[in-house]
Amino acid sequence: MDKYIKEYTISQLLTEYPFVKDFLEDHLIPYRGKEHLTLDSFFKYLDPEIIEENAINPELFTKSLVEYIDLMKQYFVSDKPKQNSITIYPGTHKNGREEAFDSIHINSGEIIAIVGPTGSGKSRLLADIEWAANNDTPTGRTIHINGRSLEPHERFSSSNKLVAQLSQNMNFVMDMTVEEFLDLHATSRLVKDKEKVIQTIFDKANTLAGEAFTKDTPITELSGGQSRALMIADTAILSTSPIILIDEIENAGIDRKLALDLLVSEDKIVLMSTHDPILALMGDKRIVINNGGIEKIIDSSQEERQILGKLEALDRTLMNLRQQLRYGNKITLKEESNNA
Amino acid sequence: MDLITVSGPPSSGKTSILLRTIEHFKKRGLSVGVVKFDCLFTDDDLYFEKLDIPVKKGLSGSLCPDHYFVSNIEEVVEWGNNKNLDILITESAGLCNRCSPYIKEIKAVCVIDNLSGINTPKKIGPMLKSADIVVITKGDIVSQAEREVFTMKVQSVNPKAIIMHVNGLSGQGAYELSTLIYDKEKHVATLEGEQLRYPMPSALCSYCLGETRIGKKHQVGNVRKIKLGDS
């Protein structure tokens, strides 16, 4: 491709790969009015002062352009398998003791809680998964994705990142409205039918949030619950990563059951690091971490599911009380205690 | 001894990332040394000293920090070799966003943070454009979408680089970075005759030489005027 890109004129490049326009502009290439030239002859006649001024290195630029076009083509492949699986093979605890399990297999649509004291090795497990460890991390674990270990270029690729993360501490930092923000993300993901996707995310986020928000709200002005709702809906629908890692999502202002349902319905694998009994029991399994290793794996039992029902009723009661406060009503427990 | 040059805007997290990464090198029994380049002040050397590794700092003072870096790097490599290091890391802040301290054939790492804004990758220039590995920090406090958009912007400026997300606080990703930046087969004996990846901008004007007065008659040398058009 390297040789043949030089034979393209700039306007041919722009027609075939429209995203090249941004690339030219990001690299401060003054191509306007010179579209009829090939890259080679364009650089040959470019004023050396401009080359120095804009810090252009023609050779490096051409190489980067080839890489960029290849990279962007990967994003266009939309028929990636939606069903994914992870398999975890054991490594060792901090003290060198082997982890006592044969393998853990997790499929798309499953929710797994990861529990254990602070510093017990939860982050290391998540890092092993994110990195698709191949017996080359401190734990010595091996992670297979869809039944095989990843090739080095797959591990480092930014377009195939395995794990998307959501956490309590995350904030929006850009100065833009909800709509501009979704448009920017959808554009960077090169989605077709952008308007529809943006509308879907916006609607979903509003069903998750305790308080509705509009498209022209600046994202930095959203409340904690609204921000979380938008982040979850956006990640579920726009992120291509098959695994979603949730680091403790607080209760205030967001329907967590709906949020998990949304992620699962988009065929994500959900891993939750949490100590909240409602969240942990919503999972299909719990992985218990201690002393740097996986201590055991617990399947949620029938009894636990019944407890979950009670906890959820309590949770709804609290949510309703919060709602009553918000709209200036007198607090009453009557209606809710009937339900519970 | 392998040499790794690390640079990035001030406060992007270079030192935190390096501290975490060096811990992993030490666990593997490798000897590491650091030389920290800065302009007016730094006490980052104290953090490195706590890891009990050889560290030196160079303050450029009134000189251009990147030019100061290149003028000293050969001696720094000699120092590292005399100390019998396995790995020598230089850390410098790209202060004018135009220079870049990267050297051909020497591993170049650029550290940049998610909070710096989506147009920053475009502004940073050669320091980001010609790096081999780009480390993105502070991902734990911004949304997934912003991380993805920011990564795309970095990628469009430097599609060849390996992009890594490392958390300087928890150390997540630092182990992986340590496996990527060190090449045990690589031995840098001297940099004599090696070349920078990008030329540093030419600038020698009255103000480089200590002029403080303002006005055309005090300006000689390489002086360029902003085009303000008709006023």
Side-chain angles (χ1 to χ4, degrees), chain A residues 19 22-23 25-28 52-55 57 60-61 63-72 75 123-124 126-127 130-131 136-138 155-159 161 164-167 169-175 181-182 184-185 187-189 219 227 230-231 234-235 238-241 244 247, chain B residues 24 27-28 97-100 114-119 121-122 124-127 129-130 133-134 136 138-167 170-176 179-180 197-202 224:
Chain A
F19 49 79
D22 284 343
F23 193 75
E25 283 168 6
D26 283 355
H27 284 260
L28 312 174
E52 193 197 314
E53 192 69 5
N54 295 2
N57 176 335
L60 183 74
F61 174 81
K63 272 192 202 155
S64 302
L65 180 62
V66 174
E67 300 254 355
Y68 187 65
I69 291 174
D70 285 343
L71 196 82
M72 293 302 274
Y75 279 101
S123 310
R124 186 63 252 168
L126 297 167
E130 187 170 19
W131 185 245
D136 56 0
T137 63
R155 294 173 84 177
F156 305 143
S157 152
S158 296
S159 55
K161 249 180 107 35
Q165 298 201 27
L166 287 166
S167 106
N169 304 325
M170 289 174 184
N171 294 293
F172 289 119
V173 293
M174 291 178 184
D175 284 319
F181 167 77
L182 289 175
L184 178 71
H185 193 197
T187 308
S188 85
R189 278 269 159 248
I219 48 176
S227 299
L230 182 58
M231 284 181 200
D234 168 83
T235 303
L238 268 184
S239 176
T240 53
S241 308
I244 309 281
D247 193 1
Chain B
H24 289 290
K27 278 185 199 151
R28 281 155 64 192
N97 289 339
R98 172 58 176 78
C99 285
S100 116
N114 271 303
L115 290 181
S116 58
I118 51 169
N119 286 322
K122 214 192 295 192
I124 292 183
M127 187 166 72
K129 232 195 271 187
S130 61
I133 297 175
V134 178
I136 303 181
K138 304 185 193 172
D140 53 329
I141 46 178
V142 304
S143 68
Q144 174 70 22
E146 285 161 301
R147 277 195 299 280
E148 287 179 8
V149 171
F150 193 78
T151 308
M152 284 287 291
K153 295 278 177 189
V154 169
Q155 224 165 21
S156 88
V157 175
N158 186 345
K160 291 195 292 38
I162 292 178
I163 301 177
M164 301 247 348
H165 295 261
V166 182
N167 182 331
S170 72
Q172 191 167 338
Y175 172 82
E176 287 74 11
T179 64
L180 281 182
R197 295 188 185 189
Y198 258 93
M200 292 185 171
S202 49
R224 194 174 302 163

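This one's a predicted model, so the numbers in the text were calculated from it and none came from an experiment. Every chain is numbered from 1 and lettered A, B, ... according to where its sequence line falls, protein lines coming before strand lines. Just so it is clear, the values below take in all heavy atoms, side chains as well, and ignore hydrogens, waters and symmetry mates.
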### Message
Does the plane of the ring in A:F172 sit parallel, tilted or perpendicular to the ring in A:F181? Use 30° and 60° as the thresholds.
### Response
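If you compare the ring of A:F172 with that of A:F181, the planes turn out perpendicular.
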Side chain, backbone, both or neither: which part of [X] has a heavy atom under 4.5 Å from chain B?
X: A:N54; value: backbone
X: A:D234; value: side chain
X: A:M174; value: both

Chain B interface, residue from A:N169, A:L184, A:N171, A:T137 that has the most non-hydrogen pairs under 4.5 Å: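 Maximum pair count with chain B is reached by A:N171.
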- Item | Interface residue of largest heavy-atom contact number with chain B, from A:D22, A:L166, A:D136, A:T235, under 4.5 Å |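 Among the listed options, the one with the most contacts to chain B is A:D136.
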If you define the side chain from C-beta out and look only at heavy atoms, does anything of A:Y68 sit under 4.5 Å from B:K160?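 With C-beta onward as the side chain, the pair stays apart.
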(Q) Taking the side chain as everything from C-beta on, heavy atoms only, tell me whether B:R147 gets closer than 4.5 Å to B:V142. (A)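 B:R147 reaches B:V142 side chain to side chain.
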Between [X] and chain A, which part of the residue has a heavy atom less than 4.5 Å away: side chain, backbone, both or neither?
X: B:R224; result: side chain
X: B:Q172; result: side chain
X: B:I162; result: side chain

**OP:** Show the numbers, then the answer: is there a salt bridge (charged side-chain N to carboxylate O under 4.0 Å, His left out) between A:R124 and A:E130?
**Re:** CA-CA 10 Å; A:R124 186 63 252 168; A:E130 187 170 19; over 6 Å; no
Point to revise | Between B:S143 and B:E146: side-chain donor-acceptor atoms closer than 3.5 Å | key: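 Yes, because at least one side-chain N or O of B:S143 sits under 3.5 Å from a partner of the opposite role on B:E146.
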### Task
Classify the side-chain pair A:S239/B:E148 by whether it contains a donor and acceptor separated by less than 3.5 Å.
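The criterion, which ignores hydrogens and geometry beyond distance, is satisfied for B:E148 and A:S239.
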